[in-house]
Protein chains: 2
Amino acid sequence: MHLAPPPPNLDEQGVERGLQQLRALTQEKGLKNSAVREAVARAALSRSGHFSVEDLASDLRHGGPKKPHSATVYRVLPILVEAGLVQETLVTRGEGTFYERTFEREHHDHLICTSCGSVVEFHSEAIETLQSELAKSFGFRLTSHVHELLGLCGDCDS
Amino acid sequence: MHLAPPPPNLDEQGVERGLQQLRALTQEKGLKNSAVREAVARAALSRSGHFSVEDLASDLRHGGPKKPHSATVYRVLPILVEAGLVQETLVTRGEGTFYERTFEREHHDHLICTSCGSVVEFHSEAIETLQSELAKSFGFRLTSHVHELLGLCGDCDS
DNA sequence: CTTCCTGCAAAGGCTTTGCAAAGCT
DNA sequence: AGCTTTGCAAAGCCTTTGCAGGAAG
């Protein structure tokens, strides 16, 4: 069990590998290439922490030449999820959907302070193993999971 | 690790104990008694599985003399949560919020088939223990958690 | 030329909120 | 009386959808 290492920002080559993985999926599905979709993917891969759809749209408005409409971002995100670049996260926050990069990043879960909102990312191999065994014993093939621990952090608990 | 026992429906006395627990909270908070709130609590405590706000509102429309507006149910549910009668659940389903009774019911988590939607409730003492240790090691005081395993059940995986 | 993609605006679905009447204490 | 609670309707918010023009293959 350990603290997940802080998000090691993806360098330009990493982003490029992510785009290639995206292209592999879109080709396989018979989709066309799209500069806008790649711009969204770039923005998502470049983010270091948790982000919302609006965060991405905002990055794109300020950052590059392409300024996708947020409806487009909503349409692209499920593709990025399917391509394994990002994943929904912080589902207990309630206010809107959040994502985080999963591409070339170690799997982790979250410990969340319900008072100040601080988030600790952890990884427990023991829990992962138990989950697998559990699923197996019920005849399930596990594809993903949501595991968020809610409580008060040291600062808020005093 | 085991299958959580099927919800042992609360009998009338159990419901009454639940209402008492609710009254304890409302008194402590200086709230007033309310027949409508208790009707919602009764409906929630009487449900056996997972339910939505609309499910409750519907029960109340058909069941008793009181027919609370759904806005009222939305206002009452957080109080029932705080009183420890119910809890949000199936957060990964996405479509609206679901609740389930926690009062006089063993804690459990969920294994969910993303294809057919079937849900298995399980309890793993080992995982619970690991969670506690984990929170402790990061200086958190745990108050609750969300743990949902997503995958394909035996039927859908063939 | 056929199919996919994008922007825009509108619709949708769930949940919250403002207000006035009604209910507790 | 003074505060909470309720119903109702309206507003809010996030997300999805229909459509028409544009881009890719």
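Note that this is a predicted model, so its numbers are computed, not measured. Proteins come first, then strands; the chains are lettered A, B, ... in the order of their sequence lines, and each starts at number 1.
One can place CD of B:Glu88 at 13 Å from C1' of C:dC14, the figure rounded to the nearest angstrom. The interatomic distance linking A:Glu54 (CD) with D:dC14 (P) rounds to 8 Å, in whole Å. When the C1' atom of C:dT15 is taken as reference, atom CZ of B:Phe98 falls 15 Å away, rounded to whole Å. Between B:Leu80 atom CG and D:dT5 atom P there is a gap of 12 Å when expressed in whole angstrom units. Rounded to a whole Å, the CZ atom of A:Arg75 is 10 Å from the C1' atom of D:dG18. Taking atom CZ on B:Arg93 and atom P on C:dG13, their separation rounds to 18 Å, with Å as the unit. Rounding to whole angstrom units, CG of residue B:Leu31 and C1' of D:dT4 are separated by 8 Å. In this structure, B:Tyr74 atom OH and C:dT17 atom C1' are separated by 14 Å, rounded to whole Å.
Here A:Ser70 lies out of heavy-atom contact (under 4.0 Å) with every strand. Across all strands shown, A:Arg37 has heavy atoms under 4.0 Å from sugar-phosphate atoms exclusively, and none from any base.
Contact check, A:Ser34 against D:dA24: no side-chain N or O comes under 4.0 Å of OP1 or OP2. The side chain of A:Thr97 places no N or O atom within less than 4.0 Å of a non-bridging phosphate oxygen (OP1 or OP2) of D:dC14.
The base of C:dC24 sits with one of its N or O atoms less than 3.5 Å from a complementary donor or acceptor on the side chain of B:Lys32.
Side-chain contact of B:Thr89 with B:Glu100: a donor-acceptor pair under 3.5 Å is present, judged by distance alone.
Each of A:Asn33 and A:Gly96 lies near DNA chain D, and the nucleotide nearest A:Gly96 is the one positioned closer to the 5' end.
There is no path of hydrophobic side-chain contacts, each under 4.5 Å, that joins A:Val146 to B:Leu134.
Using cut-offs of 30° and 60° for the angle between ring planes, the A:His145 and B:His147 rings count as perpendicular.
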Worked verdict on A:His107 versus A:His123 for side chain to side chain contact (heavy atoms under 4.5 Å, CB included) = CA-CA 7 Å; A:His107 167 72; A:His123 179 84; 3.9 Å; yes

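More than 12 heavy atoms of other shown residues, nucleotides or ligands fall within 6.0 angstrom of atom CD in A:Gln20.
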